[in-house]
Amino acid sequence: MNGRPAALDDAGGGFNIRHTTSFHIFFCQDGVASGFSVLRVTADGVGVPPPKVLPAKTFLPFVDRFGQFMHDDWPGKVHDEAELARTKVDEDAWLAKNGATPIPEADRFGGWAGGPQLKATGFFRTEKVNGKWWLVDPDGRLFFSHGVDCVGIGNGTTGIGFREKYFSWLPAKDDPAFGGFWGTCTWPAAHNFYKDPAHIPYDTFSFANANLRRKYGEGWKAEYIDRAHRRLRAWGLNTIANWSWSEIYSLDRTPYTLCLGTYGTPRLKDSKGWWGALPDPFNPEFEKKFRERARNAAKTMRDDPWCVGVFVDNELSWNGEERMKDVAEKYFSTIRRVLKEELPNHLYLGCRIAWGTDVIYRAAARHCDVVSVNIYNRRPVKDLPPDAEDKPMINGEFTRTSARSATATS
């Protein structure tokens, strides 16, 4: 876990320490003094069931044909195709009953149709109303963005090529029904958690997509995409947030945020961090490559009213104070200029700051339309310094366990 558990108590927190068998502490920032203390250690066996011991000789394979653990059972586990079919029927009934959004007085974008009528520009924008910043939807209504990241279509299980014994079933790559769910994952070396370059690229297989085909038949993808929008609306969500699939968000049904990055550009040599070194905004390749991405995105969504705005990068490693001042100024100003030239109709939502000093926040506030932060806490604990330019902020990601979502704050 990159960060600390969100709650260590029993007062309704999202983290249950009794279910923890181990934890790791990472010190990610070189040159930054760090430490931790152990305040209390208690051994408590009350109410803890005895461990389930599985014999090694019969443990493999341990993944069934649905991608589930074979050696245990639980509510909701799929045992056969008939159960999958029943879940479709059950969801049809639930959506028929609950399909309307629970957002009161919602307009077509999920904004507040019953609130004040502001200027309608045809695109999302920001405005300060009665002393508080708001997003304003294309129809001129106040909009509180509440959504989830990673709205997509089944990721693949990686590393299958060197873990085949784990699986009780894998289809042939030319299987007419399931062969198309094989793929390859080329994971960047900086994020190679296997720490072995020989394992790049990895074979992958998507059990999730295979299950969707079993559940919905040959037209599974269109059926799933339609249901993704219907589910979000029924759950009271109005935004498809970061890292989501264009096949889903490009249908003009749910507002979305676009994610662009500066990956593949030269990095600052003396920079290190959890997600890698900072991009070098002074290198000509920085603007060149980013402009190419922005221009490519503009081909399909430059005039799309459903796009709330654009995030660029994520949780950059802003190490140090004064030495980052010029870097941050160049970074944010270059990205803003490119976005306003290539995607002028959409908000620049910043880089989702997870850690950074006042220097970084001031630079972000000067150039971003909305300053984005990622908060791993149960409360919104981040704010702009008092001498920063007055800008709205948006919480791009928060987590109480391992879930990710995006929520606007005014």
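Counting begins at 1 with the first residue of the sequence.
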Quiz item: Could you go step by step and tell me if D303 and N345 meet the side chain to side chain donor-acceptor pair (under 3.5 Å) rule?
Solution: CA-CA 7 Å; D303 299 319; N345 297 318; 3.0 Å; yes

Self-check item: Residue from K97, R227, R86 passing salt bridge (charged side-chain N to carboxylate O under 4.0 Å, His left out) with E91
Solution: R227

Quiz prompt | K288 NZ: over 12 foreign heavy atoms closer than 6.0 Å | solution = no

Exercise. Give the intermediate values and the outcome of side chain to side chain donor-acceptor pair (under 3.5 Å) for residues H79 and D64.
Key: CA-CA 9 Å; H79 301 87; D64 69 15; over 6 Å; no

Practice problem: May I ask you to check if R230 and W94 form a cation-pi contact, with NZ or CZ under 6.0 angstrom from the six-membered ring centre and within 45° of the axis? | Solution: no

Quiz item: Around E218, counting heavy atoms of other residues, nucleotides and ligands shown, do more than 12 lie under 6.0 Å from its CD?
Solution: no

Exercise. For the residue pair S250 and M301, establish whether any side-chain heavy-atom pair is separated by less than 4.5 Å.
Key: no

Quiz item: Could R65 and D80 be called an ion pair, given the rule that one side-chain N must be under 4.0 Å from one carboxylate O?
Solution: no

Exercise. State whether the number of non-hydrogen atoms from other residues, nucleotides or ligands found under 6.0 Å of K165 atom NZ is greater than 12.
Key: no

Exercise. Please assess W134 against F143 for the test ring-ring contact (aromatic ring centres under 6.0 Å, His included), listing each intermediate value before the final yes or no.
Key: CA-CA 7 Å; W134 282 89; F143 183 87; 9.6 Å; no

Practice problem: Indicate the atoms forming the closest heavy-atom contact of R233 with G99, along with that distance. | Solution: CG-O, 3.9 Å

Self-check item: Heavy-atom pair with the smallest gap, counting every atom of T126 and P392
Solution: CG2-CG, 4.0 Å

Quiz item: Which atom names give the shortest non-hydrogen contact between R253 and D226, and what distance separates them?
Solution: NH1-OD1, 2.9 Å

Quiz item: What about the rings of Y166 and F62, do their centers lie closer together than 6.0 Å?
Solution: yes

Quiz item: Do the side chain of D175 and the main chain of P171 share a donor and acceptor less than 3.5 angstrom apart?
Solution: no

Quiz prompt | Within residues 380-389 or reaching into it, pairs that qualify as side chain to side chain donor-acceptor pair (under 3.5 Å) - sequence neighbours excluded | solution = R362-D387

Self-check item: Main-chain N/O of V151 paired to S244 side chain as donor or acceptor, under 3.5 Å
Solution: yes

Quiz item: Is the backbone N or O of A277 less than 3.5 Å from a side-chain atom of R267, with the two atoms forming a donor-acceptor pair by type?
Solution: yes

Quiz item: Within a strict 4.5 Å, meaning less than it, do heavy atoms of the E397 and D149 side chains meet?
Solution: yes

Quiz prompt | Side-chain touch N314/N374, heavy atoms, less than 4.5 angstrom | solution = yes

Practice problem: Identify whether the distance between the nearest side-chain nitrogen and carboxylate oxygen of R366 and E329 falls below 4.0 Å. | Solution: yes

Quiz prompt | Note: R291-E341 ion pair, threshold 4.0 Å (strictly below) | solution = yes

Quiz item: Do D139 and R108 sit within salt-bridge range, that is, some charged N less than 4.0 Å from a carboxylate O?
Solution: yes

Practice problem: Could you tell me whether E342 and R337 have a side-chain N and a carboxylate O separated by less than 4.0 Å? | Solution: no

Quiz item: Between N238, V148, T239, which is the residue that forms a side chain to side chain contact (heavy atoms under 4.5 Å, CB included) with L232?
Solution: V148

Practice problem: Measure from NZ or CZ of R214 to the centre of the six-membered ring of W169, then state whether that distance is under 6.0 Å and the direction lies within 45° of the axis. | Solution: yes

Quiz prompt | Geometric cation-pi criterion R336 and Y348, 6.0 Å radius, 45° cone | solution = no

Quiz item: Salt bridge or not for D92 and K88, using N-O below 4.0 Å?
Solution: yes

Quiz item: Under 4.5 Å between any side-chain heavy atoms of P279 and F290, yes or no?
Solution: no

Quiz prompt | Carboxylate-amine/guanidinium proximity below 4.0 Å for K119 and E127 | solution = no

Exercise. Verify the ring-centre separation between Y249 and W306: is it less than 6.0 angstrom?
Key: no

Quiz item: Roughly how far apart are M393 CE and S372 OG, rounded to 0.5 Å?
Solution: 8.5 Å

Quiz item: Going through the distances and angles, do K221 and R213 end up as a side-chain contact (heavy atoms from CB on, under 4.5 Å)?
Solution: CA-CA 8 Å; K221 183 178 283 189; R213 193 192 188 286; over 6 Å; no

Exercise. Please state whether the rings of F178 and F181 are parallel, tilted or perpendicular, taking 30° and 60° as the class boundaries.
Key: tilted

Exercise. Report yes if some heavy atom in the side chain of L170 is under 4.5 Å from a heavy atom in the side chain of W182; otherwise report no.
Key: yes

Self-check item: Working for salt bridge (charged side-chain N to carboxylate O under 4.0 Å, His left out), residues D72 and K52
Solution: CA-CA 10 Å; D72 207 348; K52 185 174 183 178; 3.7 Å; yes

Quiz prompt | H346/F124 aromatic ring centres below 6.0 Å | solution = no

Quiz item: Within a strict 4.5 Å, meaning less than it, do heavy atoms of the L349 and T257 side chains meet?
Solution: yes

Quiz item: Is the ring centre of Y331 less than 6.0 Å from the ring centre of W318?
Solution: yes

Quiz prompt | Ion pair D203/R163, N-O distance below 4.0 Å | solution = no

Quiz item: With a distance cut-off below 6.0 Å to the six-membered ring centre and an angular limit of 45° from the axis, does R293 pair with Y263 as a cation-pi contact?
Solution: yes

Quiz item: Is there side-chain contact between L142 and V129, with at least one heavy-atom pair below 4.5 Å?
Solution: yes

Self-check item: Minimal non-hydrogen separation, F205 against A210, with atom names
Solution: CZ-CB, 4.1 Å

Exercise. Please determine, by modelled atom types, if H229 and T254 share a side-chain donor-acceptor pair under 3.5 angstrom.
Key: yes

